[in-house]
Amino acid sequence: MNIHEYQAKEILRAHGVPVPPGEVATTAQEAQRIAAGFGGAVVVKAQVHAGGRGKAGGVKLARDAAEAKERAGAILGMKIKGLTVQKVLITPAEEIASEAYVGVIVDRASKSPVFMVSRQGGIDIEEVAASNPDAIQKLAVDARYGLLPFQAYWLATQLYDGIAQQRACARILRQLHEAFVASGASLAEINPLITTPAGELKAIDAKINIDDNELDRRPEIEALRDTSAEPESETIAREAGLTFIQLEGNIGAVVNGAGLAMATMDLIKFYGGEPANFLDIGGSSNPEKVVNALRIITGDPRVKVICFNIFGGITRCDDVANGIVEATKRIAIRVPLVIRLTGTNEEKALEILNAAGYSATTSMDEVVQRAVELANPSAGA
Amino acid sequence: MNIHEYQAKEILRAHGVPVPPGEVATTAQEAQRIAAGFGGAVVVKAQVHAGGRGKAGGVKLARDAAEAKERAGAILGMKIKGLTVQKVLITPAEEIASEAYVGVIVDRASKSPVFMVSRQGGIDIEEVAASNPDAIQKLAVDARYGLLPFQAYWLATQLYDGIAQQRACARILRQLHEAFVASGASLAEINPLITTPAGELKAIDAKINIDDNELDRRPEIEALRDTSAEPESETIAREAGLTFIQLEGNIGAVVNGAGLAMATMDLIKFYGGEPANFLDIGGSSNPEKVVNALRIITGDPRVKVICFNIFGGITRCDDVANGIVEATKRIAIRVPLVIRLTGTNEEKALEILNAAGYSATTSMDEVVQRAVELANPSAGA
Amino acid sequence: MAIFIDESTRLLVQGITGRDGSFHTRQMMDYGTNVVGGVTPGKGGQRFEGPSGKGCPIFDTVRQGVQATGANASIIYVPPAFAADAIMEAAEAGIPFIVAITEGVPVLDMTRVYPYVVEHGARLLGPNCPGLLAPGRSKVGIMPGNIALQGNVGVVSRSGTLTYEVVYQLTRADIGQSTCVGIGGDPIVGTNFIDCLAAFQADPDTRAIVMIGEIGGTDEQKAAEFIKANVSKPVVGFIAGQTAPPGRRMGHAGAIISGSAGTAAEKIQAFQDNGIQVMKRPSDVVPLIREVI
Amino acid sequence: MAIFIDESTRLLVQGITGRDGSFHTRQMMDYGTNVVGGVTPGKGGQRFEGPSGKGCPIFDTVRQGVQATGANASIIYVPPAFAADAIMEAAEAGIPFIVAITEGVPVLDMTRVYPYVVEHGARLLGPNCPGLLAPGRSKVGIMPGNIALQGNVGVVSRSGTLTYEVVYQLTRADIGQSTCVGIGGDPIVGTNFIDCLAAFQADPDTRAIVMIGEIGGTDEQKAAEFIKANVSKPVVGFIAGQTAPPGRRMGHAGAIISGSAGTAAEKIQAFQDNGIQVMKRPSDVVPLIREVI
């Protein structure tokens with residue numbers, strides 16, 4: 001789950017990280033009032049779940065409250081990577097002597113949280129990794145021990161030369177690690193961590209991504225979810241326990257398992273079609289999930305055919321068949337359904353479908369080819 | 001450091017352990033008022049740093065407030081193992097269906113905290129260990145992981161048969177472990193952990209010993225120290241950074257290092273003398289420590305001679321010599337000093353002592369024999 | 001022979017009385033797997049009734065189950081909040097091979113579980129995996145038994161149902177499998193491609209290997225290098241997510257492309273560079289395997 | 001030869017600029033120990049000035065110190081609150097032999113430090129120990145160098161100053177030592193009697209061993225059994241605290257008698273049962289060692 005910059009900063013602040021003050025506005029007037037409260041120059045920052053906000057014009061300096069109103073007015077409502085900006089963060093402008101990057105992610109290879117730090121702050125760490133990998137220092141954290149004080153200090157010595165800043169940075173790194181663990185994050189970064197002309201360290205921008213699997217046991221983090229900042233169909237899908245991603249094509253797909261779902265998209269393209277979505281009904285089968293899946297897909301007017309590709313394992317084919325039958329009773333489905341069902345309780349499923357007037361195949365190639373034909377009669381397989 | 005039952009219970013309560021209410025009284029009137037507040041029968045329990053309170057008559061049932069007053073009056077002021085009872089805990093009497101023991105200590109052999117649990121609660125675990133060792137189940141906790149839920153549950157299955165009580169016990173064990181770690185304990189035990197006729201688990205008595213080395217970083221635990229519950233000389237010694245234990249003999253000893261101090265006591269006995277104390281001035285030398293050591297020892301009228309046995313390492317002999325000279329200026333020392341100094345800065349130390357009119361030997365046997373002669377002229381070496 | 005499991009596998013089922021646990025225990029019993037016991041706290045002493053008169057005792061703890069049955073493998077169906085604990089319980093009880101089916105285990109839990117399992121000398125498969133199937137011998141997991149056929153092709157995959165698809169294609173073409181292993185798609189899993197490839201290389205009953213990867217991470221690239229250096233048996237590979245849009249998470253934590261690392265193109269290139277035949281679609285497995293065996 | 005240290009020891013001093021650290025570094029340099037560097041955060045780049053023109057560079061971190069100097073041993077003089085971290089830092093930096101002098105390290109810290117050190121393949125001596133001295137070769141610790149004499153008796157002890165006493169007695173009688181090791185009296189120490197006994201047994205320069213224990217715990221009893229089974233060289237033993245009153249803590253955490261376990265009588269009995277000559281007082285070491293070598 002993505003959370004906004006202002007939410008990430010709130011978490012960091014709660015763990016002691018020095019984060020300058022900031023308030024969120026949803027209107028230009030509110031932005032003006034907040035800027036006036038701070039006095040002096042402020043930065044107006046779009047709160048949206050997309051990278052590259054700065055380049056897209058979503059981060060602007062304002063010299064005073066009037067300018068803050070103007071800037072906020074321009075940023076609120078703009079689209080960044082397809083997402084509408086509905087909130088801006090207003091924060092006092094800081095004088096910057098230098099910028100560093102500090103972050104921690106869960107790393108597959110070392111099976112541990114890994115800290116990355118760089119003296120090249122203020123730009124995406126991916127860019128630094130690509131252009132100047134030696135400018136990044138890494139350290140894997142053994143989760144059984146946590147980030148040890150000497151490790152934090154060692155990382156700090158890679159960024160700063162004086163003992164005062166090294167100590168301050170080591171403290172921030174330990175606080176960042178605490179925040180990372182306490183919020184169930186998969187990524188937590190401060191970029192930039194600035195040094196002011198007076199030598200103080202401050203977290204000017206922050207990003208925290210939450211491991212979705214942590215949300216059940218962290219209701220306070222789940223409460224940070226901003227459904228207004230994601231496409232509505234994805235919100236509905238998530239609430240129904242489905243993984244759904246909207247794509248550009250006209251072939252709706254309902255698949256169980258992420259790998260098979262991706263392979264189904266690949267096969268649709270292989271046969272000359274275009275998938276309208278990625279939709280994984282997941283491992284645990286429940287007829288209601290199928291109903292919801294069909295409801296979401298049929299909401300997309302571009303969809304010309306819906307292709308089921310179900311391979312039963314922990315998902316039982318009969319549950320899926322029941323879901324299809326149930327959905328056709330409750331939703332007006334105006335496009336053809338093509339169905340592939342194999343695996344656990346396949347025979348029962350076929351009985352259920354046949355009884356309701358549907359047929360099904362056991363071949364993935366066959367069902368996808370059929371879907372492509374129906375979606376686009378002119379294209380041959 | 002020892003803390004009282006009521007303090008240990010407060011810590012456990014803060015970690016969620018079900019501990020019945022209780023209040024401390026220092027007078028019989030106060031005990032009566034507290035008992036009246038609870039209503040019904042109460043237990044009056046001496047709060048004193050000694051085991052075997054019950055056998056010594058320090059724990060009594062009182063049917064009502066008037067009896068509580070009477071019981072408290074009898075217990076307050078009584079001596080248990082030489083310590084005067086100055087506080088009693090008043091707690092409602094509980095109906096008991098069964099009693100268990102749960103505890104955790106730091107174990108040398110496994111270099112870990114080790115849980116011990118037994119269905120034989122209400123008696124000292126040492127007695128159970130001696131009489132029926134199979135009645136105790138043990139489990140070492142890997143401190144890198146803490147007490148894992150399955151481990152707590154497994155321990156609980158060793159004590160209870162029903163799932164409800166197993167779950168309740170597992171929860172209590174995890175809370176006990178948290179309290180143990182959070183308070184820097186070397187031992188934490190609940191004995192008995194009772195089951196009420198209704199099936200509830202409650203901690204009726206509790207004991208927590210704190211690792212002295214944890215106190216610097218845990219001021220809130222250090223604040224629990226009850227200096228009125230220990231001999232005054234030991235309080236003074238501790239505040240001066242000395243380890244002091246009062247014994248029964250007439251030869252005062254000032255030694256650096258616990259092993260050498262014990263060996264000095266042993267040698268005093270070997271030569272027919274009786275040590276008046278164990279006194280370790282510790283590893284880091286400081287002339288002021290010597291002054292304080294002499295102040296404490298000369299406060300004991302039984303002492304007839306004071307024997308220094310110093311082997312310099314991290315302790316520097318010249319610091320000790322300076323301390324002796326300084327002490328003789330500030331304290332009237334009416335008994336002879338016999339001095340042994342060897343090791344780091346030994347030559348400087350001898351110069352300092354000689355200049356002040358003292359002599360010193362480098363032989364431990366010699367200095368101890370001399371001390372025994374001076375303390376007890378009739379006994380030959 | 002097969003890898004990790006065989007006829008001597010004595011299986012304990014953690015979470016045997018749950019919906020998924022009980023269903024799949026019956027399926028495994030049906031397949032002939034020697035399920036020696038189950039674990040559900042509070043149900044110790046009861047008996048799990050399986051199909052055709054089969055069944056097994058239930059225990060409160062894994063330790064009790066191991067003591068009573070001599071179990072040497074465990075499979076976990078408990079909910080995600082308890083999965084980490086269940087894995088560690090199995091490892092501490094001395095179970096040498098642990099399969100965690102549970103989906104949705106927090107990855108930070110796994111950063112502690114993984115070293116714990118290693119320290120206890122156990123092998124973990126999963127979590128969030130379909131388990132494994134040695135056709136005709138033993139099934140430990142949720143793969144449908146009827147789609148597999150005993151034979152000499154080893155299958156290893158990060159995906160669940162996509163594995164079934166490939167196995168199904170092989171079986172329909174009468175190409176049998178030695179063992180089919182789903183390693184799971186989570187960021188931290190106990191057993192990776194390389195572990196399975198090494199086991200297949202050592203397994204005398206495996207003559208060729210099918211490896212099914214997906215976008216995200218660099219495990220397939222590392223596996224490809226490992227194959228070049230250490231695997232003499234022919235390998236056929238597939239990568240799911242060739243047409244996935246970059247930067248979007250595709251269902252499981254594994255399937256995400258961040259920056260330039262972990263794209264399908266990169267992985268396919270690594271396969272080709274290291275002598276691995278690449279399938280364009282799942283059904284290509286049949287002609288490609290026919291070529292090599 | 002000696003155990004754990006010798007002329008090839010390249011020592012890093014953690015906490016080199018503190019009162020104790022700087023004093024004892026000078027003492028070690030004087031003794032001829034090859035002190036290659038020191039560590040004090042914030043003082044990296046400065047130089048530590050030792051006696052007679054000797055000196056060494058100071059580093060901010062152990063890692064930097066190891067990289068610059070190739071140190072293969074470390075000694076720790078930092079305050080107790082930082083000692084656990086300092087030990088772990090040394091282990092992580094690849095130092096194979098770490099001596100922790102610091103007194104007052106919380107025992108719960110050590111429950112995490114000990115496995116960390118083991119996992120990093122290092123040996124820890126201490127904490128709360130006087131270090132060790134290989135007379136005429138190297139001194140890593142705080143034992144006064146002038147009381148020792150090069151020779152063939154290995155000395156191992158849980159105590160600090162009591163060790164000096166015994167070494168002093170030996171030297172005055174012209175009986176030299178191969179290595180004198182103080183393992184420390186805390187409940188959890190990195191190196192125990194058995195480790196040292198095994199090393200002395202393997203050391204060709206050691207012909208007899210003096211072992212100095214004290215009340216509390218069962219380490220001496222275990223060591224006695226180990227000696228009977230594995231040590232062919234003669235061993236002379238002493239137990240301090242024979243007259244200590246039961247139930248009282250005698251200075252360090254180690255010296256406590258609880259219940260019946262860990263009394264001096266019990267330990268002396270274990271020595272006698274396993275063929276170890278027992279000293280009644282420290283000065284008995286001389287006649288007893290003369291008897292056996």
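Numbered from 1 within each chain, the chains take letters A, B, ... in sequence-line order. Predicted, not measured: the structure shown is a model, and the values here were computed from it.
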Participant: Say you draw a straight line from CG of N256(B) to OH of Y164(D); how long is it, rounded to the nearest 0.5 Å?
Facilitator: 8.5 Å

Participant: Relative to chain B, which segment of I147(D) carries a heavy atom at a distance below 4.5 Å: side chain, backbone, both, or neither?
Facilitator: side chain

Participant: side-chain contact (heavy atoms from CB on, under 4.5 Å), that's the test. Do Y168(D) and M364(B) meet it? Break it down for me.
Facilitator: CA-CA 11 Å; Y168(D) 180 69; M364(B) 175 171 167; over 6 Å; no

Participant: Would the number of heavy atoms belonging to other residues, nucleotides or ligands and lying under 6.0 Å from CG of D216(B) be above 12?
Facilitator: no

Participant: Minimum heavy-atom separation for G259(B) to S159(D), with atom names?
Facilitator: CA-OG, 3.5 Å

Participant: Using a 4.5 angstrom heavy-atom cutoff, name the option from G312(B), S110(B), A261(B) with the most pairs to chain D.
Facilitator: G312(B)

Participant: Would you give the length of the straight line joining atom OG of S283(D) to atom CZ of F270(B), rounded to the nearest 0.5 angstrom?
Facilitator: 7.5 Å

Participant: Can you tell me how far the CG atom of D365(B) sits from the CD atom of Q169(D), to the nearest 0.5 Å?
Facilitator: 6.0 Å

Participant: With side chains defined as the heavy atoms from C-beta onward, is the minimum distance between V106(B) and M110(D) less than 4.5 Å?
Facilitator: no

Participant: Given heavy-atom pairs under 4.5 angstrom as the criterion, report whether the side chain, backbone, both or neither of D266(B) touches chain D.
Facilitator: both

Participant: For P282(D), which atoms come within 4.5 Å of any heavy atom of chain B: side chain, backbone, both, or neither?
Facilitator: side chain

Participant: Counting only heavy atoms closer than 4.5 Å, note whether R340(B) contacts chain D via side chain, backbone, both or neither.
Facilitator: side chain

Participant: Let's test your reading of the structure: which of T161(D), V189(D), T111(D) forms the most heavy-atom pairs below 4.5 Å with chain B?
Facilitator: T161(D)

Participant: Measure A185(B) against the heavy atoms of chain D and call it side chain, backbone, both or neither at under 4.5 Å.
Facilitator: backbone

Participant: If I take atom CZ from residue R108(B) and atom CD1 from residue I188(D), how far apart are they, to the nearest 0.5 angstrom?
Facilitator: 9.5 Å

Participant: Can you tell if the side chain of T344(B) reaches within under 4.5 Å of the side chain of Q27(D), non-hydrogen atoms only?
Facilitator: yes

Participant: I need the L267(B) CG to E165(D) CD distance, nearest 0.5 Å.
Facilitator: 9.0 Å

Participant: For K111(B), is it the side chain, the backbone, both, or neither that has a heavy atom closer than 4.5 Å to a heavy atom of chain D?
Facilitator: both

Participant: Can you name the nearest heavy-atom pair linking K222(D) to A109(B), along with the distance?
Facilitator: NZ-CB, 3.5 Å

Participant: Just wondering, are more than 12 heavy atoms of other shown residues or ligands nearer than 6.0 Å to CZ in F82(D)?
Facilitator: no

Participant: Could you tell me which of P115(D), G213(D), P80(D) has the largest number of non-hydrogen atom pairs under 4.5 Å with chain B?
Facilitator: P115(D)

Participant: Under a 4.5 Å heavy-atom cutoff, which of H24(D), R112(D), M143(D) has the most pairs with chain B?
Facilitator: H24(D)

Participant: For F238(D), is it the side chain, the backbone, both or neither that has a heavy atom under 4.5 Å from a heavy atom of chain B?
Facilitator: side chain

Participant: Taking salt bridge (charged side-chain N to carboxylate O under 4.0 Å, His left out) as the test, write out the residues that go with D85(D), two or more places apart.
Facilitator: none

Participant: When you compare the side chain of P144(D) with that of E346(B), does any pair of heavy atoms fall below 4.5 Å?
Facilitator: no

Participant: Could you tell me the separation between the CG atom of N128(D) and the CG atom of N213(B), rounded to the nearest 0.5 Å?
Facilitator: 8.0 Å

Participant: Given heavy-atom pairs under 4.5 angstrom as the criterion, report whether the side chain, backbone, both or neither of I239(D) touches chain B.
Facilitator: backbone

Participant: Partners of H15(B) by ring-ring contact (aromatic ring centres under 6.0 Å, His included), sequence neighbours excluded?
Facilitator: none

